[in-house]
**Student:** 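The structure under discussion is supplied below as structure tokens; questions concerning it will follow.
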Amino acid sequence: MNGTRIAAVGHYQPAKVLTNEDLAGLVDTSDEWIKSRVGIRTRHIAGPEEPVDELASQAGAKALAAAGLAPGAVDLVVVATSTAVDRSPNTAARVAARLGIPSPAALDVNVVCAGFTHALATADHAVRAGSASRALVIGADKMSEVTDWTDRTTCVLVGDGAGAAVVEAADGEPGIGPVLWGSVPEMGHAVRIEGTPPKFAQEGQSVYRWATTQLPPIARKACERAGLTPEELAAVVLHQANLRIIEPLAEKIGAVNAVVARDVVESGNTSAASIPLALSKLVERGEISTGDPVLLFGFGGNLSYAGQVIRCP
């Protein structure tokens, strides 16, 4: 076996849309203030009847349907999330139960905003090693549940949602490139979900400086590991933190011919969901084609990062 590939993707967002004007009724802010600082216009918010495993299951079901697969075809479920309420059963087990996936290995990965790219690498390694034949990989977060809705510096950022990918063995050219991952653990305090009840907080300027100065060479090295230059990329899907990070980071990576995902404008920062959510939308809209090289690059909580080049399903 030469490697793995993404067979299909899918995504899900709750029906409720929260606009900047809505937020202006909650905190001292405005549509102009939010757009000028983070570029977000709307975000989707899940209700109390939609726990994070429900969001994940919806996205997973769509990815399986797009791949033309029954739940029984999957023997590994990996869910990236940092907003699971319960410790056990974990989110992956609950997703497997909701979807009717029989006896899979089921594990959660908590690397916050870089969670999906870590989970994708984990599934890639498992299938390559032969310990799984096909994996359902999901990034899902319900950030609204850990948000202080009186703090205008964070509540304007967040949204809820999920994105999923089906990973399977590839006979030809590998469709998932080598991962490049790491962290800056001594700066883990820069992005936090802490306390009882847990609340999201961050040091915005520290994150901005780190993302725009330290991450571009790391992202370029992820391209090198896949045997590509940034100029050869068809698309770049970065963690959808905010537009003021995404745009300069994409420019510094040097992907001059690539479509740059800007789903943050309508979805907000959905943490582990942001990359698969944005990728699925690019595929759905036909903005990228089957076989196109796409850089996925997650970064954020723990000041962790993980990136790999994949081939569009």
Side-chain angles (χ1 to χ4, degrees), residues 1-12 53 55-81 84 88-111 114-140 162-181 222 225-227 237 272-273 275-277 279-280 283 290-294 296 298 306-313:
M1 183 179 63
N2 294 321
T4 65
R5 70 183 187 105
I6 294 179
V9 290
H11 67 274
Y12 175 77
D53 55 287
L55 306 182
S57 299
Q58 293 278 1
K62 290 183 178 181
L64 288 173
L69 294 171
V74 170
D75 55 6
L76 170 64
V77 179
V78 187
V79 176
T81 187
S88 182
N90 66 14
T91 306
R94 285 183 165 160
V95 168
R98 283 182 181 271
L99 297 180
I101 298 173
S103 62
L107 61 143
D108 287 4
V109 173
N110 179 0
V111 201
F116 179 78
T117 42
H118 277 80
L120 182 63
T122 300
D124 170 49
H125 299 162
V127 175
R128 283 173 181 263
S131 56
S133 60
R134 187 176 285 110
L136 180 61
V137 184
I138 304 172
V166 175
V167 174
E168 63 184 15
D171 293 327
E173 182 182 354
I176 300 176
V179 68
L180 180 61
W181 52 13
R225 288 194 173 184
V237 184
I275 287 177
L277 181 60
L279 174 64
S280 180
V283 172
T290 300
D292 280 350
V294 180
L296 309 182
Q308 63 269 94
V309 175
I310 60 107
R311 294 284 173 173
C312 178

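Just so it is clear, the values below take in all heavy atoms, side chains as well, and ignore hydrogens, waters and symmetry mates.
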**Student:** Minimum heavy-atom separation for V77 to A96, with atom names?
**Tutor:** CG2-CB, 4.5 Å
**Student:** If you look at every heavy atom in Y12 and A59, which pair is closest and at what distance?
**Tutor:** CB-N, 3.8 Å
**Student:** Checking the side chain of S280 only, and the main-chain atoms of G163 only, is there a donor and an acceptor separated by less than 3.5 Å?
**Tutor:** no
**Student:** Does some side-chain heavy atom of E168 sit less than 4.5 Å from a side-chain heavy atom of V127?
**Tutor:**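 Sidechains of E168 and V127: no contact.
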**Student:** With S57 as reference, evaluate I138, L99, T91 under the side-chain contact (heavy atoms from CB on, under 4.5 Å) test and give the passing residue.
**Tutor:**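 Going through I138, L99, T91 one by one, the side-chain contact (heavy atoms from CB on, under 4.5 Å) with S57 is satisfied by L99 alone.
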**Student:** Write out all pairs satisfying side chain to side chain donor-acceptor pair (under 3.5 Å) with one or both partners inside residues 62-76, taking only residues at least two apart or from two chains.
**Tutor:** D75-S133
**Student:** Working to the nearest 0.5 angstrom, can you tell me the gap between I176 CD1 and L296 CG?
**Tutor:**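 It is 9.0 Å, given to the nearest 0.5 Å.
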**Student:** I275 and L120: side chain to side chain contact (heavy atoms under 4.5 Å, CB included), yes or no, with the steps?
**Tutor:** CA-CA 11 Å; I275 287 177; L120 182 63; over 6 Å; no
**Student:** Return the minimal non-hydrogen interatomic distance between A165 and I6, and the atom names on each side.
**Tutor:**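 Distance-wise, the nearest heavy atoms are CB-CG2, 4.0 Å.
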**Student:** Mark yes or no for whether R225, through its side chain, and V179, through its backbone, hold a donor-acceptor pair below 3.5 Å.
**Tutor:**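 It does hold such a pair.
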**Student:** Do you know which two heavy atoms are closest between A114 and A306, and how far apart they sit?
**Tutor:**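 Where A114 meets A306 most closely, the heavy atoms are CB-N, 4.3 Å.
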**Student:** Look at the side chain of R5 and the backbone N and O of A170, then say whether any donor-acceptor pair between them is shorter than 3.5 Å.
**Tutor:** no
**Student:** Within the structure provided, determine whether V79 and V109 are in side-chain contact (heavy-atom separation under 4.5 Å).
**Tutor:** no
**Student:** So how far is it from N110 CG to H118 NE2, rounded to the nearest 0.5 Å?
**Tutor:** 10.5 Å
**Student:** Specify the closest pair of heavy atoms between V95 and A56, including all atoms of both residues, with the distance to one decimal.
**Tutor:**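 So the two residues come closest at CG2-CB, 3.6 Å.
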**Student:** So, taking the atom named CG in D108 and the one named CZ in R94, what distance separates them when rounded to the nearest 0.5 Å?
**Tutor:** 10.0 Å
**Student:** Any idea which heavy atoms bring A73 and R134 closest together, and the distance?
**Tutor:** O-NH1, 3.2 Å
**Student:** How long is the span from the CZ atom in R311 to the OG1 atom in T290, to the nearest 0.5 Å?
**Tutor:** 12.0 Å
**Student:** Are the side chains of D53 and T81 in contact, using a 4.5 Å heavy-atom criterion?
**Tutor:**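 No, their side chains stay 4.5 Å or more apart.
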**Student:** Applying side chain to side chain donor-acceptor pair (under 3.5 Å), can you list everything that pairs with Q308, at least two apart in sequence or on another chain?
**Tutor:**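 Here no residue qualifies.
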**Student:** Determine, step by step, whether V294 and V309 satisfy the side chain to side chain contact (heavy atoms under 4.5 Å, CB included) criterion, reporting the C-alpha distance in whole Å, the side-chain angles of both residues, the deciding distance to 0.1 Å, and the verdict.
**Tutor:** CA-CA 5 Å; V294 180; V309 175; 6.0 Å; no
